[in-house]
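These notes concern the structure reproduced below.
The analysis underlying the following values was restricted to heavy atoms, covering all of them including side chains, and did not include hydrogens, waters or symmetry mates. Residue numbers begin at 1 in each chain, while the letters A, B, ... track the order of the sequences.
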Amino acid sequence: MAGFIIRRLLYMIPMMFAISVVTFIIIQLPPGDFLTAMTARLASQNETIDPGVIAGLRERYGLDQPWTVQYWKWISGILLHGDFGQSLDWNKPVSELIWARMGLTMVVSVTTLLFVWAVAFPIGIYSAVRQYSLGDYFATFFGFLGLAIPNFLLALVLMFVSAQYFGQSVGGLFSPLYINAAWSWAKLGDLISHMWIPVVVLGTGATAALIRIMRANLLDELNKPYVDMARARGLSEIRLLLKYPVRVALNPFVSTVGWVLPHLVSGSVVVSIVLSLPITGPLLLNALFAQDMYLAGTFILLMSMLTLIGTLISDLLLAWLDSRIRNG
Amino acid sequence: MQHVRVLRRQVVSTVAAAILMGAGWAGAAFGFQEAPELKALTDAGKLPPVEKRLPKEPLVLTPLESVGTYGGTWRTATFGGGDSEIERSIGYTRLVRWNPEWTEVIPDIARSVEVNDNATEYTFTLREGTRWSDGEPFTADDLVWWNENVLRNTKITPAAPDWLTAGGETVKVEKLADNKVVFKFAAPNGLFLMNMATVRGSDILAAAPAHYLKQFHKDFNPDGIDALVKAAGATDWVQLFNNKIGFPGRWRDLGRPTLDAWVLTAPYNGTTQVVAERNPYYAKVDTSGNQLPYFDSITIDVMQDTQAIILKAISGEIDMQNRFIETTDARTVIVQNQQKGGYGLFIARPAWSNALLITLNQTHKNPALRAVFSNKDFRIGLSYAINREELNQLIYAGQAKPYQAAPREGTALYDEKMATQYLEYNVDLANQYLDKAGLTKKDGEGYRLGQDGKRITFAIDALTGSPIQVDALELIQRYWRAVGIDMQPRPAERSLIFSRLQNNDNDGLGWVGGGGYDFLGLLDPKWYFPHEYESSFATAWGLYYQNPKDPNAQEPSPAAKKQMDLYRQVQEAPTLEKQLEAMKELLAITRDEFYVIGTNLEPDRVGIVKTNMHNVPKVIPSTSFYMTPGPAKPETFYYQQ
């Protein structure tokens with residue numbers, strides 16, 4: 001097993017290298033560069049910038065050099081100094097920008113994940129066990145509704161409701177009073193009172209999908225002979241359910257755990273923009289729009305790495321969960 | 001024609017005369033008053049008395065309605081990522097500024113300025129005793145330091161901005177006295193003061209507090225700089241220094257001394273909220289000798305989505321603002337929720353003139369399209385083919401009126417013929433003109449054929465971010481199809497549009513039309529003659545004007561060349577009168593050439609202002625060149641208790 005893990009880790013090195021090159025090429029693909037994007041942004045706001053200043057900046061940022069040189073500058077900084085470069089748009093170190101938003105990003109993402117699991121698993125199991133019951137139809141109906149409503153729309157509606165009927169401030173994770181305050185119980189309470197909107201919005205789609213997956217998988221398992229066998233041995237229904245068929249039904253779910261990790265970082269970009277959440281999603285989107293290549297590149301690199309690590313974790317979990325894989 | 005009178009009045013006929021005079025404080029005998037919080041600090045001995053903090057003769061601002069009372073927070077919102085709102089609301093302080101009506105340049109931090117007769121020397125007199133927000137004196141030395149160690153240091157400023165150069169040389173600043181400096185240009189630079197009043201002027205004072213900035217400058221802190229660079233995580237000292245003085249980096253620096261009314265207390269980190277509190281050393285007072293500003297603080301919520309800003313506005317969380325909530329589609333909801341949000345409205349008059357102008361690239365790389373686009377009859381034909389009244393009803397809710405891309409009525413540059421020519425909707429006339437342009441052959445589907453026997457087909461780029469313009473273009477597509485012209489609206493991301501422009505790869509563009517107000521026309525004439533590549537009706541000529549050696553540049557037409565000469569005259573003229581004279585001549589050519597097709601005048605927009613907030617003008621020009629709402633004097637806004 002240790003050998004397996006080490007081998008997998010070693011494979012990740014060339015993979016990461018390949019990803020970093022592809023990432024950089026993709027970021028360079030759109031026409032123009034950071035300064036074109038900046039000029040265009042200013043012009044669309046009816047502002048102008050001096051052509052002479054632009055030329056000076058292009059030289060300063062090294063944007064007049066070929067992409068290979070720019071790539072080398074970036075990747076050698078990461079490898080040799082652990083330096084992810086400077087964001088052109090922010091004039092700040094990339095790592096600082098990302099870490100500054102990582103805390104709240106994790107809070108939002110993990111809470112959402114727990115919310116999804118807490119809601120989806122029991123409902124999924126219930127729907128499978130009581131197939132075609134009133135409760136199942138109810139869950140199915142709302143599940144499809146959750147999948148069908150675009151997240152950004154739900155975000156706008158909930159934001160409107162919370163402002164209109166609960167008198168909450170619009171957008172963000174804190175009331176204006178607490179935005180710049182130090183951490184305290186009151187601030188935590190304020191965070192929690194604002195958090196339900198992003199959690200519900202980000203969670204509905206995933207919850208609905210997970211309910212359907214759980215239900216379908218479990219239905220497949222429930223009629224298998226080993227279930228009858230266990231029942232015949234006199235196990236209580238609930239214990240039987242959780243010990244055997246649910247565990248097997250979790251299999252496809254666990255194999256996608258790998259995708260959860262990068263999702264934790266990128267979050268749902270559109271939703272966090274609509275809700276003005278101070279997390280990483282909007283930063284990534286802005287970086288891509290502004291053609292802020294080092295910031296965008298580092299983000300994508302980070303998410304690729306998390307995908308690789310997540311895949312490794314899900315492989316290990318699968319092996320633990322399913323003896324057929326472990327021994328195969 | 002009120003506007004014109006005001007403009008004329010400010011032009012002093014004698015050359016070398018002081019064009020700007022500061023209002024002196026005559027009431028020093030009354031003594032000055034200050035905000036209660038500052039009074040408490042003064043009494044506790046933590047601040048010098050108010051007389052010592054103010055200049056000897058502070059600038060007296062006359063409040064629009066009434067002398068105000070201290071207190072309150074002004075809440076606004078901005079759109080994340082380098083937006084200029086913070087610069088406009090807190091940062092509109094410079095040596096000279098716009099007056100609220102946007103008809104002249106008036107003194108701000110400088111007491112007065114004199115221009116010599118060929119616009120090469122500008123002598124600024126500062127107010128004695130003016131202080132930075134940390135209490136250090138602001139003197140001529142600060143401006144000289146900026147000039148020598150920032151602007152003319154090629155490491156920090158690889159290329160000086162155009163408005164600070166003339167005759168190929170960067171401006172030189174010389175000290176005449178502690179409160180007197182002269183800006184010397186190598187050649188006439190008549191637009192210098194106007195440029196200073198725009199967004200550009202902020203950069204000078206931001207880079208002037210020498211006592212603070214020296215520590216970040218390698219020449220002044222050779223030993224300590226490396227540690228500072230490392231601590232800030234910057235690549236080198238130049239980057240660190242530029243972060244301290246440039247936009248938006250300077251708004252992340254809490255220690256920065258300023259001359260603004262409010263001083264930063266929570267930095268602009270791009271996601272949450274910016275807070276600034278009253279500057280105890282602010283150098284302006286009202287007519288009763290009360291030190292300004294009236295508001296204790298200002299907060300700017302950084303949002304990522306404009307819909308969220310509109311929602312904030314209607315739920316009463318914004319006190320005074322027009323940007324982001326003034327779009328045509330938000331107007332209904334903003335107007336309807338006045339009572340609930342506790343706000344009234346003011347008019348935010350767009351400084352650009354046209355809601356949608358359409359350009360056709362006369363320097364197109366494809367000879368067939370170039371021939372068609374350069375034909376004035378073709379453009380006139382297309383203009384007659386547009387049903388502007390229907391556009392107005394369907395797109396602008398009847399708020400706009402048919403208008404060409406021309407200066408607004410009531411301005412000095414207004415030219416009625418230019419504004420109203422070829423506006424009529426007349427399909428027959430349109431067809432006549434298109435026939436006259438030589439496009440008489442049609443294909444099986446009724447589309448006109450070009451010289452090469454192929455159907456004339458082209459795309460008009462528009463911003464995906466401006467859905468209203470895209471909608472309008474789709475209607476225009478129908479109008480033009482009716483006269484046999486195949487136009488495709490092409491919504492595109494702005495970077496893509498701009499790189500097409502830079503490479504002269506564009507067919508045409510749908511954009512808002514600039515130059516509605518006089519100063520906007522003088523400073524940003526890109527829709528009036530080929531000024532830069534953004535002049536998308538003749539991109540390659542615009543490139544030529546900037547740099548004749550540009551690989552995409554083309555030799556302009558004689559008319560365009562004449563305009564380029566005229567604009568040089570505008571830049572060199574020492575007085576506004578002469579500048580406007582040359583500009584009118586330039587615009588007459590624009591009118592005759594009919595470069596761009598206008599549709600409708602951009603309708604007046606509305607901003608919101610809390611019902612108990614006073615001294616806010618009823619009409620405020622809206623554009624970054626005016627720095628809305630900066631010149632409207634937010635330091636004199638107050639809440640009725």
Query raised in the report: Is it the case that more than 12 heavy atoms not belonging to A:Trp72 sit under 6.0 Å from its CH2 atom?
Result: no

**Report entry** Heavy-atom neighbours of A:Trp185 CH2 exceed 12 at 6.0 Å
**Finding:** no

Query raised in the report: Can you tell if the side chain of A:Gln164 reaches within under 4.5 Å of the side chain of B:Lys340, non-hydrogen atoms only?
Result: yes

Query raised in the report: For B:Leu311, is it the side chain, the backbone, both, or neither that has a heavy atom closer than 4.5 Å to a heavy atom of chain A?
Result: both

Report task. Select one option (side chain, backbone, both, neither) describing which atoms of B:Thr235 are under 4.5 Å from chain A's heavy atoms. Result -> both

Query - From A:Phe160 atom CZ to B:Ile310 atom CD1, the distance as rounded to the nearest 0.5 Å - result: 12.5 Å

Query - Part of B:Val238 within contact of chain A (heavy atom distance under 4.5 Å) - result: both

Report task. Examine whether an atom of B:Asp301 lies under 4.5 Å from a heavy atom of chain A, and if so say whether it belongs to the side chain, the backbone or both; otherwise answer neither. Result -> side chain

Query raised in the report: Which atoms of B:Asn503 come close to chain A, meaning under 4.5 Å heavy atom to heavy atom: side chain ones, backbone ones, both, or neither?
Result: neither

Requested in this report: Specify the closest pair of heavy atoms between A:Val274 and B:Ala308, including all atoms of both residues, with the distance to one decimal.
Outcome: O-CB, 3.8 Å

Query raised in the report: Would you say A:Gln65 has more than 12 foreign heavy atoms packed within less than 6.0 Å of its CD?
Result: yes

Query raised in the report: Can you find a pair of side-chain heavy atoms, one from B:Arg252 and one from A:Lys92, that are under 4.5 Å apart?
Result: yes

Report task. Please state whether the side chain, the backbone, both or neither of B:Asp236 comes within less than 4.5 Å of a heavy atom of chain A. Result -> side chain

Requested in this report: To the nearest 0.5 angstrom, please state how far the CD atom of B:Gln307 sits from the CZ atom of A:Phe152.
Outcome: 10.0 Å

Query raised in the report: So, do A:Asn286 and B:Gln304 sit near enough that their side-chain heavy atoms are less than 4.5 Å apart?
Result: yes

**Report entry** Residue part contacting chain B, namely of A:Phe289, when any heavy atom lies under 4.5 Å
**Finding:** both

Requested in this report: Take A:Trp90 and B:Asn243 through the test side chain to side chain contact (heavy atoms under 4.5 Å, CB included) and record every step on the way to the result.
Outcome: CA-CA 9 Å; A:Trp90 290 84; B:Asn243 271 343; over 6 Å; no

Report task. Could you look at B:Gln239 and say if it's the side chain, the backbone, both or neither that has a heavy atom under 4.5 Å from chain A? Result -> both

Report summary line: Minimal heavy-atom distance between B:Asp305 and A:Ser276, with the atoms involved, is N-OG, 4.1 Å

Query raised in the report: Is chain A contacted by the side chain of B:Arg75, its backbone, both, or neither, given a heavy-atom distance below 4.5 Å?
Result: neither

Query - chain A contact via B:Glu317 - side chain, backbone, both or neither, heavy atoms under 4.5 Å - result: side chain

Query raised in the report: Rounded to the nearest 0.5 Å, how far apart are OG of B:Ser495 and CG of A:Leu288?
Result: 11.0 Å

Report summary line: Applying a strict 4.5 Å limit to non-hydrogen atoms, the region of B:Ala232 in contact with chain A is backbone

**Report entry** Atom pair CZ (B:Arg494) and OG1 (A:Thr36), whose distance is rounded to the nearest 0.5 Å
**Finding:** 12.0 Å

Query raised in the report: Measuring from A:Ile273:CD1 to B:Thr306:OG1, what's the distance to the nearest 0.5 Å?
Result: 11.0 Å

